[in-house]
A.B. asks: 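Before anything else, here's the structure in question.
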Amino acid sequence: MGEMFCMQCEQTAGGKACTSVGVCGKSANTARLQDELTGALITAANRGVKLGDGLLLESLFATLTNVNFNDATLEKLIGTVGQPFYELYKVRDASEDVRSLKTLLLLGVRGVAAYAYHCFVLGHDVCEACAFIQKALAAIGQDGYGQNELLGLVLECGEVNLHVLELLDKANSAAFGSPVPTTVSRSVKPGPIIVVSGHDLQDLKLLLEQTENINISVYTHGEMLPAHAYPELRKYPQLAGNFGTAWQNQQREFAGVPAAFLFTTNCLMPPKPSYADRVFTTAAVGYPGLQHIGADKNFTPLINKALALGGYQQEQAGTVATTALATVSAAAALTTGFGHAAVLSQADAVIGAVKRGGIKHFFLVGGCDGAKVGRNYFRDFVEQTPSDTVILTLGCGKYRFNDLDLGEIDGIPRLLDMGQCNDAYSAVQVALALAEAFGCGVNDLPLSLVLSWFEQKAVSILLSLLFLGIKDIRLGPSLPAFVSPNVLNLLVENYGIKPTTSVEADLADILGE
């Protein structure tokens with residue numbers, strides 16, 4: 001129905017914009033409704049209408065990539081917000097750079113809203129973050145903002161996002177305990193199975209409570225892998241392991257699997273008819289024809305579906321990890337749970353290894369995964385890092401290389417999985433602690449950031465890193481289509497943002513070879 005204009009994710013068509021159907025699978029009508037919902041929120045902000053925090057966050061979350069494809073849900077949210085449609089991409093600003101900064105700000109606040117949503121679900125006060133979101137939306141809907149003012153709001157967005165990530169870190173630890181390093185099986189047991197995807201730990205906990213004393217095994221998928229590291233989740237014996245790899249492989253990995261699937265937040269791919277009848281959504285996720293678990297969080301239909309399907313008759317070996325160039329045997333088990341508390345508890349050993357020369361460099365290689373061939377860069381990069389370096393990772397980008405056995409340095413694993421993209425605060429805390437220990441700034445550490453981005457949460461994390469003044473970040477596999485040449489030059493000049501090139505050239509540049 002009609003044309004669309006969407007350039008909010010890394011895989012946008014032709015590297016410019018999706019104009020007929022989204023690469024993610026959303027229709028032009030769904031894109032129009034997402035724009036209309038965003039426009040209604042912008043109008044409300046400009047009119048000083050104070051929306052409830054829950055409505056504001058859920059509405060913005062529903063406009064993120066791979067979250068909600070259900071037009072009926074979007075129409076209901078538009079009606080609840082109840083403001084006229086502000087035409088998002090027809091602003092009167094003549095400057096391409098102003099439009100670019102406004103888009104960067106919009107995608108940044110969408111990311112903030114996603115992280116704040118998780119805090120809100122756990123009962124924490126997010127009113128300050130919501131106040132900033134409304135201020136930013138109001139600015140996006142007004143003429144007269146210059147580049148310097150908008151850049152200031154973009155950096156403030158990064159600051160607010162950092163505070164939200166800190167709150168989420170504390171909220172998760174308070175609710176589920178501090179993560180501890182944990183080995184997670186990739187094999188699947190015989191019998192009924194439920195696979196949980198997305199990011200929402202609270203939904204997983206509620207499901208585990210409702211599956212106690214029932215013959216069902218629960219498996220994580222994608223960004224839910226780090227759930228195994230939380231003591232208050234791993235105490236449930238039916239939390240059996242991790243199924244599959246990253247979000248973009250689900251259409252292949254879910255086909256023919258006798259399991260019920262639950263999507264808790266974003267990362268939903270349009271399900272194929274062969275397994276759509278066994279996919280359930282909850283919270284902000286939606287897709288036409290799928291069964292939705294409402295606010296009462298009664299997972300009985302999901303549980304009954306799993307019981308009816310019966311699962312496998314025999315144990316299934318670990319799934320395979322797929323890159324665009326090859327299919328490689330996945331590790332029989334994965335290790336996760338190296339949050340800041342776990343890493344910093346070994347700070348003396350880490351610092352000692354650095355001082356004696358055992359660890360020469362740290363790489364943070366993390367972020368989002370996706371389907372582009374260029375994302376093989378991140379596996380190749382990790383494989384080619386010298387044996388005296390340590391790789392920190394988080395987000396689903398780790399599925400490109402978390403099957404690799406990189407060994408240890410003085411008992412310290414060379415590959416440390418710090419968790420979900422939601423756990424970016426852990427990486428920041430480790431970097432700041434190392435800088436303090438060595439009496440230098442973060443930019444003076446032997447630490448390099450090589451990040452893969454896909455959608456709006458990655459944008460908000462990047463803005464947080466810029467707010468902290470972290471420089472020389474390598475970003476790939478391609479740069480955002482919504483950043484104009486002048487704004488890109490500004491980011492390069494002020495922050496040293498670099499596009500990824502070849503692994504060999506980037507490693508040589510980083511290590512001074």
Side-chain angles (χ1 to χ4, degrees), residues 5 7-8 10 16-17 35 38-39 41-48 56 60 63 86-113 115-116 128-166 424 428 441-443 449 451 453 455-475 478-499:
F5 183 85
M7 56 180 178
Q8 66 187 29
E10 187 271 334
K16 296 180 180 179
D35 280 351
T38 302
L41 294 169
I42 289 172
T43 301
N46 271 284
R47 291 180 169 182
L56 176 65
L60 275 175
T63 67
Y86 172 89
E87 299 210 18
L88 188 59
Y89 295 110
K90 297 181 180 178
V91 292
R92 294 185 296 276
D93 299 300
S95 167
E96 176 189 26
D97 300 328
V98 166
R99 291 197 299 273
S100 176
L101 286 167
K102 284 189 173 184
T103 303
L104 183 58
L105 180 59
L106 173 61
L107 302 193
V109 297
R110 283 178 175 171
V112 173
Y115 294 128
E128 290 186 11
C130 290
F132 171 76
I133 289 171
Q134 290 198 292
K135 180 175 81 169
L137 291 174
I140 292 166
Q142 295 174 14
D143 295 328
Y145 274 82
Q147 293 183 43
N148 289 339
E149 293 172 289
L150 289 169
L151 182 60
L153 283 171
V154 165
L155 293 177
E156 187 179 354
C157 182
E159 179 182 16
V160 171
N161 188 62
L162 185 63
H163 293 321
V164 170
L165 287 172
E166 179 182 10
V428 170
V442 172
N443 290 315
L449 278 64
L451 305 180
W453 81 281
E455 43 91 320
Q456 296 88 317
K457 291 191 292 181
V459 172
S460 63
I461 290 174
L462 177 63
L463 298 185
S464 291
L465 296 174
L466 299 184
F467 164 74
L468 289 169
I470 296 175
K471 297 185 177 181
D472 298 326
I473 299 169
R474 281 173 167 78
L475 189 65
S478 59
L479 295 179
F482 52 80
V483 175
S484 67
N486 287 336
V487 171
L488 178 60
N489 288 337
L490 185 150
L491 296 177
V492 170
E493 291 172 5
N494 291 349
Y495 301 100
I497 294 283
K498 298 179 176 71

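Being a predicted model, the structure only gives us computed values, none of them experimental.
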A.B. asks: If you compare all heavy atoms of Leu466 against all heavy atoms of Tyr495, which two are closest, and at what distance to 0.1 Å?
C.D. replies: O-CE2, 3.5 Å
A.B. asks: Looking at Leu104, Thr103, Leu105, which hits side-chain contact (heavy atoms from CB on, under 4.5 Å) with Leu107?
C.D. replies: Thr103
A.B. asks: For residues 478-495, which residue pairs qualify under salt bridge (Lys or Arg N to Asp or Glu O under 4.0 Å), counting only residues two or more places apart or in two chains?
C.D. replies: none
A.B. asks: For Asn443, which residues count as a side chain to side chain donor-acceptor pair (under 3.5 Å) partner, sequence neighbours excluded?
C.D. replies: none
A.B. asks: Would you call Ser95 and Leu101 a side-chain contact if the rule is heavy atoms closer than 4.5 Å?
C.D. replies: no
A.B. asks: Heavy atoms only: give me the nearest Cys157-Gly108 pair and the separation to one decimal.
C.D. replies: SG-C, 3.5 Å
A.B. asks: Using modelled atom types only, decide if a donor and an acceptor are shared between the side chain of Asn161 and the backbone of Ser460 within a distance under 3.5 Å.
C.D. replies: yes
A.B. asks: Please step through side-chain hydrogen bond (donor to acceptor under 3.5 Å, both in side chains) for the pair Arg99 and Ser484, ending with a clear verdict.
C.D. replies: CA-CA 9 Å; Arg99 291 197 299 273; Ser484 67; over 6 Å; no
A.B. asks: If I take atom CD1 from residue Ile497 and atom CZ from residue Arg474, how far apart are they, to the nearest 0.5 angstrom?
C.D. replies: 11.0 Å
A.B. asks: Using the test side chain to side chain donor-acceptor pair (under 3.5 Å), find all partners of Asn494 that sit at least two apart in sequence or belong to another chain.
C.D. replies: none
A.B. asks: For residues 149-160, pull every pair meeting salt bridge (Lys or Arg N to Asp or Glu O under 4.0 Å), keeping only residues two or more places apart or in separate chains.
C.D. replies: Lys135-Glu156
A.B. asks: Could you pull out the closest heavy-atom pair between Arg110 and Thr38, with the gap in Å?
C.D. replies: NH2-OG1, 2.8 Å
A.B. asks: Quick one, Leu153 and Phe132 - any side-chain contact, counting heavy atoms below 4.5 Å?
C.D. replies: yes
A.B. asks: For the backbone of Ser478 and the side chain of Trp453, can you confirm whether one donor and one acceptor N or O come within less than 3.5 Å of each other?
C.D. replies: yes
A.B. asks: Once salt bridge (Lys or Arg N to Asp or Glu O under 4.0 Å) is applied, do any residues pair with Glu10, and if so which ones, sequence neighbours excluded?
C.D. replies: Lys372, Arg375
A.B. asks: Residues in salt bridge (Lys or Arg N to Asp or Glu O under 4.0 Å) with Glu166, at least two apart?
C.D. replies: Lys170
A.B. asks: On a heavy-atom basis, which atom in Ile140 and which in Lys102 lie closest, and how many Å separate them?
C.D. replies: O-NZ, 3.2 Å
A.B. asks: Can you tell me how far CG of Leu60 sits from CG of Leu137, rounded to the nearest 0.5 angstrom?
C.D. replies: 6.0 Å
A.B. asks: Excluding sequence neighbours, so at least two apart, what forms side-chain contact (heavy atoms from CB on, under 4.5 Å) with Leu468?
C.D. replies: Leu162, Val428, Ile470
A.B. asks: Given side chains that start at C-beta, do those of Leu451 and Leu465 come closer than 4.5 Å, heavy atoms only?
C.D. replies: yes
A.B. asks: Which distance, rounded to the nearest 0.5 Å, do you find between the CG of Leu491 and the CD1 of Ile473?
C.D. replies: 10.0 Å
A.B. asks: Identify the two heavy atoms, one from Gln147 and one from Val98, that lie closest to each other, and give their separation to 0.1 Å.
C.D. replies: CG-CG2, 4.2 Å
A.B. asks: When rounded to the nearest 0.5 angstrom, what distance separates CD in Glu455 from CD in Gln8?
C.D. replies: 8.5 Å
A.B. asks: Could you give the distance from CG (Asn486) to CG (Leu490), rounded to the nearest 0.5 Å?
C.D. replies: 9.0 Å
A.B. asks: Sequence neighbours left out, what passes side chain to side chain donor-acceptor pair (under 3.5 Å) with Asn46? Give chain and number order.
C.D. replies: Gln142
A.B. asks: Holding to side chain to side chain donor-acceptor pair (under 3.5 Å), I want the full list of residues that pass it with Ser100, two or more places apart in sequence or in another chain.
C.D. replies: none
A.B. asks: side-chain contact (heavy atoms from CB on, under 4.5 Å), that's the test. Do Leu106 and Phe482 meet it? Break it down for me.
C.D. replies: CA-CA 11 Å; Leu106 173 61; Phe482 52 80; over 6 Å; no
A.B. asks: Indicate the atoms forming the closest heavy-atom contact of Lys457 with Tyr115, along with that distance.
C.D. replies: CB-OH, 3.3 Å
